[in-house]
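Inspection log for the structure reproduced underneath, given as structure tokens.
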Amino acid sequence: MRPANKRRIADVLGGGVAVGDTITVEGWVRTRRDSKAGLSFVHVHDGSCFEPVQVVAPQELPNYQAEVLKLTAGCAVRVEGDVVASQGKGQSVELRGTRIEVVGWVEDPDTYPMQPKRHTMEYLREVAHLRPRTNIIGAVTRVRHTLAMAVHRFFHDRGFCWIHTPIITASDAEGAGQMFKVSTLDLANLPRTPAGAVDYGQDFFGKQAHLTVSGQLNVETYCMAMSQVYTFGPTFRAENSNTRRHLAEFWMIEPEIAFADLNDDAQLAEDFLKAIYARLLDERKDDMAFFEKHVDKDCVRRLAAMIEARFERMDYGDAITQLEAASARGVKFEFPVTWGMDLQSEHERYLTEEIVKGPVAVMNYPKGIKAFYMRCNEDGRTVAAMDVLAPGIGEIIGGSQREERLDRLDARIAEMGLNAADYGWYRDLRRYGTVPHAGFGLGFERAIQYATGVENIRDVIPFPRAPRQADF
RNA sequence: UCCGGCGUAGCUCAGUCGGUAGAGCGGGUGGCUGUUAACCACCAUGUCGGGGGUUCGAGUCCCUCCGCCGGAGCCA
């Protein structure tokens, strides 16, 4: 079925195929222009690179009148032809077609949703099954893939194990945020306990179950055996938040390292960001050039600057002091700055964009605003938490050293009104060979947004799930 | 969830003071050209988001519902 001389368009345009070779490409038509001098120009893309290949179709082709002149955007074609130096401008080589086979027609070109013109991102979302054929979503798709591979490559090269933490969790103690319920019970006819509550004992798992909101607690168990581990998988939040930065289903990366403290964690975060973005700039110059030209003029410069920058480290207390000083100088913040508050977006951006003018890891936050598992510092009022802030986006990574001391962990659980019995296996890790350890979390889609400048997170994931949005 | 904005042709939009609906692109036909989101001429296309109200008359004003976008909150 597949022609022996088939080549990807990336190889044709990238110099991987010699001028003079006879090859076959398979792909989809983007545009067709006719020259009555007796030939047509058909741009064909196959997803392998940003640029389409220009196929020159001479009128001598047997199906020129009947088929070639009827090609429209979206038609699937198989083209056999000779690679030749282009006579026109805009491409160095092109394909002089000797045989053009229409594999799949567009049945009604008048209503084909993808036109060779600029569409709004909102419209493209409504045709999510066809939008990967556009320049921008094609570029996003390759960037997403490249970053995903770079994530795995980074950790693999350092000896980390990728841990497939569960999607379904029955531990009712995850805490962070609204969770989606997982159940096979008949919602119209729920079993009840004598007291009248829903009887989850009759449910599939024998108890209430949810979709995971984080793989961290699970991955800590493997960290206490494999030393260096990470998760990279789907994560779910049932919050009714409708913003350009939130999804109900997104992908999260969570490394966890043993025999490590908060400084090791911050160093890992810095090395990680630099590594994945360096790889992106190296491997996807074509797509990044498109984003730089049409989406976000600063995106390439921003990544290059981050790769070169030395990440600043700043104590939360110092950050507050600096923000208070800025406020005293007349800088206006919507939310006043006081020790003990969580940093608002405006504060984070001012810190990284105006004060530090570069990436910064803010460390040691007040314990009142952070999770129970973060390690208590000796001052008694802060925990070993860190956020990595970057210009243009604010928080890009959040992490912490974990509380490895059982008595301190129990004290925090009690202090926050949680039930120690719900954390049996998590507490066990502190009873059997506990060690200092730390980790962080990164939203994969936000990392893509940061790299590309694509404003709405729904456009950097193939099929976005959000409140009232689960089509396709 | 709260605040603000938007919803008109396949797509992007215009539509004045309330008076029977327009352009560009795309599509079709023809012309022209080694073309580059080509160009020129002609042709076709509308439940003006749904419902209700005011009015002689509503795309336009009012109410309501739905959807989308932006900001905030929450966070990744």
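Naming: A, B, ... by sequence-line order, numbering from 1 per chain. Note that the structure is a prediction, hence the values are computed from the model and not measured.
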Does R32(A) make a cation-pi contact with F41(A), if we ask for NZ or CZ under 6.0 Å from the ring centre and within 45° of the axis?
->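 That pair does not qualify as a cation-pi contact.
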Gap between atoms [atom1] and [atom2], on [X] and [N] respectively (whole Å):
{"X": "N242(A)", "N": "rG4(B)", "atom1": "CG", "atom2": "P", "answer": "16 Å"}
{"X": "H246(A)", "N": "rG71(B)", "atom1": "NE2", "atom2": "P", "answer": "12 Å"}
{"X": "R125(A)", "N": "rC11(B)", "atom1": "CZ", "atom2": "P", "answer": "16 Å"}
{"X": "E395(A)", "N": "rC74(B)", "atom1": "CD", "atom2": "C1'", "answer": "12 Å"}
{"X": "Y123(A)", "N": "rU12(B)", "atom1": "OH", "atom2": "P", "answer": "7 Å"}
{"X": "R244(A)", "N": "rC69(B)", "atom1": "CZ", "atom2": "C1'", "answer": "11 Å"}

Classify the ring geometry between H45(A) and W28(A) as parallel (under 30°), tilted (30 to 60°) or perpendicular (over 60°).
->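 Ring orientation of H45(A) relative to W28(A): tilted.
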Parallel, tilted or perpendicular: which fits the ring planes of H347(A) and F333(A), with parallel below 30° and perpendicular above 60°?
->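 Ring orientation, 0 to 90° scale: perpendicular.
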Rounding to the closest angstrom, what is the interatomic distance between rG52(B) and rC48(B) at atom P?
-> 13 Å
Write down the distance separating the C1' atoms in rC3(B) and rU8(B), rounded off to the nearest Å.
->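 The same atom, C1', in both gives a distance of 27 Å.
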Between N240(A) and rG73(B), does any side-chain N or O lie under 4.0 Å from OP1 or OP2?
-> no
Under 3.5 Å, is there a donor-acceptor pair linking the side chains of Q322(A) and D318(A)?
-> no
Sequence-distant partners of E101(A), salt bridge (charged side-chain N to carboxylate O under 4.0 Å, His left out), two or more places apart |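 Counting only residues at least two positions away or on another chain, E101(A) forms a salt bridge (charged side-chain N to carboxylate O under 4.0 Å, His left out) with R78(A), R99(A).
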Just jot down the salt bridge (charged side-chain N to carboxylate O under 4.0 Å, His left out) partners of D342(A), sequence neighbours excluded, or say none.
->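 With neighbours one apart ignored, the set is empty.
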Per-nt protein contacts along nucleotides 25-37 of chain B (heavy atom under 4.0 Å; B base, S backbone sugar-phosphate only, - none) come out as BBS----BBBBBB
Counting heavy atoms from C-beta on, name the nucleotide in rC75(B), rU12(B), rC69(B) closest to the side chain of S345(A).
-> rC75(B)
Could you list the donor-acceptor pairs under 3.5 angstrom formed between side-chain atoms of residues 286-294 of chain A and any protein atom two or more places apart in sequence or on another chain?
| unit_1 | atom_1 | unit_2 | atom_2 | d |
| --- | --- | --- | --- | --- |
| D286(A) | OD1 | R284(A) | NE | 3.3 |
| D286(A) | OD1 | R284(A) | NH2 | 3.1 |
| D286(A) | OD2 | F50(A) | N | 3.0 |
| D286(A) | OD2 | R284(A) | NH2 | 3.1 |
| D287(A) | OD1 | R142(A) | NE | 3.3 |
| D287(A) | OD1 | R142(A) | NH2 | 2.9 |
| D287(A) | OD2 | R142(A) | NE | 2.9 |
| D287(A) | OD2 | R284(A) | NE | 2.6 |

Let me have the donor-acceptor pairs involving side chains of residues 459-472 of chain A, under 3.5 Å, with sequence neighbours excluded, atom names and distances please.
| unit_1 | atom_1 | unit_2 | atom_2 | d |
| --- | --- | --- | --- | --- |
| D459(A) | OD1 | R125(A) | NE | 2.8 |
| D459(A) | OD1 | R125(A) | NH2 | 3.3 |
| D459(A) | OD1 | R131(A) | NH1 | 3.3 |
| D459(A) | OD2 | R125(A) | NH2 | 2.7 |
| R465(A) | NH1 | D471(A) | O | 3.0 |
| R465(A) | NH2 | F472(A) | O | 3.0 |
| Q469(A) | OE1 | R458(A) | NH1 | 3.2 |

In which stems does RNA chain B show up, taking only runs of three or more Watson-Crick or G-U wobble pairs whose two distances fall under 3.5 Å?
-> B:1-7 with B:66-72, B:10-13 with B:22-25, B:27-31 with B:39-43, B:49-53 with B:61-65
Using ring-ring contact (aromatic ring centres under 6.0 Å, His included) as the criterion, point out the one residue from F440(A), Y222(A), F155(A) that pairs with Y230(A).
->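 Among F440(A), Y222(A), F155(A), the one that satisfies the ring-ring contact (aromatic ring centres under 6.0 Å, His included) with Y230(A) is F155(A).
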